[in-house]
Amino acid sequence: MSYKVYLADPFIDEEEINLVSATLKSGWISQGPKTLEFEKKVANICGTDYAVAMCNGTATLHSALLAVGVNSQNNVICPSLSYISTSNAILYCGAKPNFVDIDPNSFNICPDCTEAAIDKNTKAIILVDLKGQPANYDRFAEISNKYNIPLVADSAQSFAASYNNSKIGSQALLHSFSMFANKNITSGEGGVITTNDYEIYQKLKYIRNQGQQGERYVHQELGYNYRYNDVLASIALSQLRRINMILAKKQKIANSYDIAFKQIQSLKIPFIDPKVTQHSWYHYTLSFTSKRLRDRVRTTLENGGIETRVAFPPIHLQPMFNHSFKNLTLPNTLIAFETMLDIPCHAKMTENDINLIIKLIKSSII
Ligand SMILES: *Cc1c(COP(=O)(O)O)cnc(C)c1O
């Protein structure tokens with residue numbers, strides 16, 4: 001289906017094309033100097049000592065869990081309201097996902113539910129910055145210290161967001177970002193991890209390169225081919241140069257939506273935790289008082305050529321788990337799944353697009 005306004009639309013222009021062309025002509029197209037340059041820039045933007053780029057944001061999450069020692073004896077706490085990567089990364093380690101509910105306001109993983117779910121086999125906690133809103137890092141830092149369990153952030157959706165006036169990337173022990181096509185910065189596919197821990201940084205580099213630690217073709221442990229490449233790194237580098245522009249445009253659209261919708265009783269505009277000093281606006285998400293209303297608004301938008309998306313189906317109910325979590329009740333996750341709606345919020349939208357979306361939503365509510 002083709003839309004008038006897509007939910008996400010990558011901002012690619014001559015700069016990306018020229019950089020890719022230069023890299024192709026340089027003769028070095030696998031992981032090399034451009035990847036290193038990208039990693040340095042990401043670490044610089046995120047305010048961390050290290051960054052390690054990989055082939056996608058699921059590989060980075062898997063590697064992050066391996067780096068903190070997750071194995072088949074463990075469980076890892078994570079929200080059920082996330083993309084499947086979050087729990088797949090846990091399963092790749094042979095560990096069990098320990099699903100917990102979300103906070104009904106922020107839609108992010110609930111700290112109290114997490115504390116209640118910790119047991120002696122809990123090896124890590126994955127926080128997801130859902131829709132681009134940073135999770136409750138201050139509360140989770142307390143939990144992490146109290147139980148001595150590391151925090152791994154699935155920040156795939158929150159690149160360039162800020163928490164307590166610091167860029168996302170250093171709040172958890174590791175942050176995993178994605179450069180998939182619909183993310184705030186993209187190279188089609190790609191992922192990058194930020195951390196301040198030197199030992200973890202070294203481990204990540206081994207894991208990415210087949211477990212090779214020093215001498216070439218000598219492999220100390222099981223690793224993977226999770227390498228990035230310089231062609232994609234060239235695209236990602238250009239994207240980094242325009243991240244402030246992308247973020248400013250998204251913020252402006254979010255402000256227009258907030259103003260247009262905040263008085264409407266039957267829907268809620270995104271709640272923002274006061275500690276979140278910059279949302280990344282990966283998605284702008286409305287939530288409605290009923291599923292019926294949400295579905296009606298969605299149909300109106302789709303018929304008007306506007307792409308929308310409902311929340312990810314709760315992971316614990318995915319067919320792959322074959323009902324093994326059927327006794328798990330996560331009420332806020334279910335409500336969010338039935339009442340949330342993502343509407344377009346990206347840097348290529350025009351004033352007309354925004355006005356059309358506002359008009360269509362208002363017309364289907366009143
Ligand atoms: C995009 C995304 C990922 C990573 O996806 P890849 O396509 O593997 O880069 C992980 N978690 C969440 C929540 C995401 O949105």
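Computed from heavy atoms alone, side chains included, the values below leave out hydrogens, waters and symmetry copies. Both counts, for ligands and for their atoms, begin at 1 and track the order of listing. This is a predicted model, so every value here is computed, not measured.
Sorted by first and then second residue, the pairs that involve residues 71-186 and meet disulfide (SG to SG under 2.5 Å), not counting sequence neighbours, are Cys110-Cys113.
The closest donor-acceptor contact from the side chain of His219 to the backbone of Glu221 lies at 3.5 Å or more, if one exists at all.
To the nearest 0.5 Å, atoms NE2 (His62) and CD1 (Ile90) are separated by 11.0 Å.
Between Asp112 and Arg139 a salt bridge is recorded (basic side-chain N to carboxylate O distance below 4.0 Å).
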Protein N/O near ligand 1 N/O, under 3.5 Å, which pairs?
from     : atom 1 : to     : atom 2 : distance (Å)
ligand 1 : 8 (O)  : Gly57  : N      : 3.4
ligand 1 : 8 (O)  : Thr58  : N      : 2.9
ligand 1 : 8 (O)  : Thr58  : OG1    : 2.5
ligand 1 : 9 (O)  : Gly57  : N      : 2.8
ligand 1 : 9 (O)  : Ser178 : OG     : 2.7
ligand 1 : 11 (N) : Asp154 : OD1    : 3.2
ligand 1 : 11 (N) : Asp154 : OD2    : 2.7
ligand 1 : 15 (O) : Gln157 : NE2    : 2.8
ligand 1 : 15 (O) : Lys183 : NZ     : 2.6

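Between Phe140 and Tyr137, the distance separating the two ring centers is not shorter than 6.0 angstrom.
Note on Ile269: it clusters hydrophobically with Leu293, by side-chain heavy-atom contacts below 4.5 Å among ILVMFWY residues.
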